[in-house]
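Numbering of ligands and ligand atoms starts at 1, following listing order.
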Amino acid sequence: MALRWGIVSAGLIAHDFTTMLCSLPPSEHQVVAVAARDLNRAKEFAKKHNIPKAYGSYKELAKDPDVEISYIATQHPQHKSAVLLCLAAGKAVLCEKPMGVNAAEVREMVAEARSRGVFLMEGIWSRFFPAMEALREVLAQGTIGDVQVARAEMGMNITILPRATDWRQAGGCLLDLGIYCIQFLSMVFGALKPEKISAMGNIHETGVDSTVSVLLQYPGGLHGSFTCSITSNIPNTAYVTGTKGMAQIHKTWCPMELVVNDEHKEFPSPVLGKGYNFMNGSCLSYEANHVRECLLKGLKESPVVPLAESELMAEILEEARKAIGVTFPQDKC
Ligand SMILES: *[C@@H]1O[C@H](CO)[C@@H](O)[C@H](O)[C@H]1NC(C)=O
Ligand SMILES: *[C@@H]1O[C@H](CO)[C@@H](O)[C@H](O)[C@H]1NC(C)=O
């Protein structure tokens, strides 16, 4: 049975996600509607992707009985209102990462999904790559022994992108790129809550965090750290060390290769669709297929990206951000 998607926003990632969905079997995924705040943009998007319905407001899409699940692809400061609108209308929701600007926003969305008994997941696409699944298997089998230390990094000079440096839009490295790092640490440490977090960082001229390093002490002496940056190109690798060895991935956000104790394994990405705005857009299909499986099973949240973990990751990013002195308009309370 096809899962019927409604796309909320007509931005770059919405295009990529739709391009990917439209190249999957129509018996499994269909895009039935798109909404943008500007009806003309929605119509243009619908025409490009051959989508039957276009709306000039998110509310109309939320009310459309054909839509089973909404994909929220707005900028993150607009996530909360769109997510709440769709959940209130009883739609399942896949929300792009980071789910919210701060932990309070994420908690509010999670509480709404739980109280309504509706599916919600943060779109941490990295978790669904076969290389990342293979890493979870390596950890579960004890191939590298007991996990002790993990480190992740992600940094690229993206100051040219307005979203990265815009303080009003809650830009900065932690929310834009740090989410990929913390999701890696959280995954390898089994969503443990850190006992202690310390962070140091630089602040960009626009007021957002530009390069940040975070140290995390977990129960049992487990040690994590990450560095993220919107101004510096750093190697974008992540590793986890255990009592019997080490596992490493390259391209923290979209890993295609896993190295376990010097043994390399490559994971080819699917060939699906053309004309993506972002690198390896076809790999969004891993996440889309996972969401479909969750809904077929009647789940209210994903076992791979559970809601409690989305809350925890938002708490850690917020604590690190505040430690270096960056607050956003959304942090008001
Ligand atoms: C980052 O890129 C911008 C333009 O894309 C450039 O002006 C700036 O010097 C670069 N910053 C660094 C730290 O390399
Ligand atoms: C991912 O994208 C990069 C850059 O466009 C490309 O060189 C690479 O072949 C892609 N990887 C796979 C496995 O498709």
Quick one: list whatever passes salt bridge (charged side-chain N to carboxylate O under 4.0 Å, His left out) with D176, sequence neighbours left out.
R163

Mind checking what residues have non-hydrogen atoms under 4.0 angstrom from ligand 1?
N157, T159, I160, T231

Salt-bridged, R321 to D331, with N to O below 4.0 Å?
yes

Take atom NZ in K53; do more than 12 heavy atoms of anything else shown fall under 6.0 Å from it?
yes

Cationic N near anionic O, under 4.0 Å, K193 to E309
no

For the rings on H49 and F45, is their centre-to-centre separation under 6.0 Å?
yes

Side-chain ion pair, E315 and R107, N-O less than 4.0 Å
yes

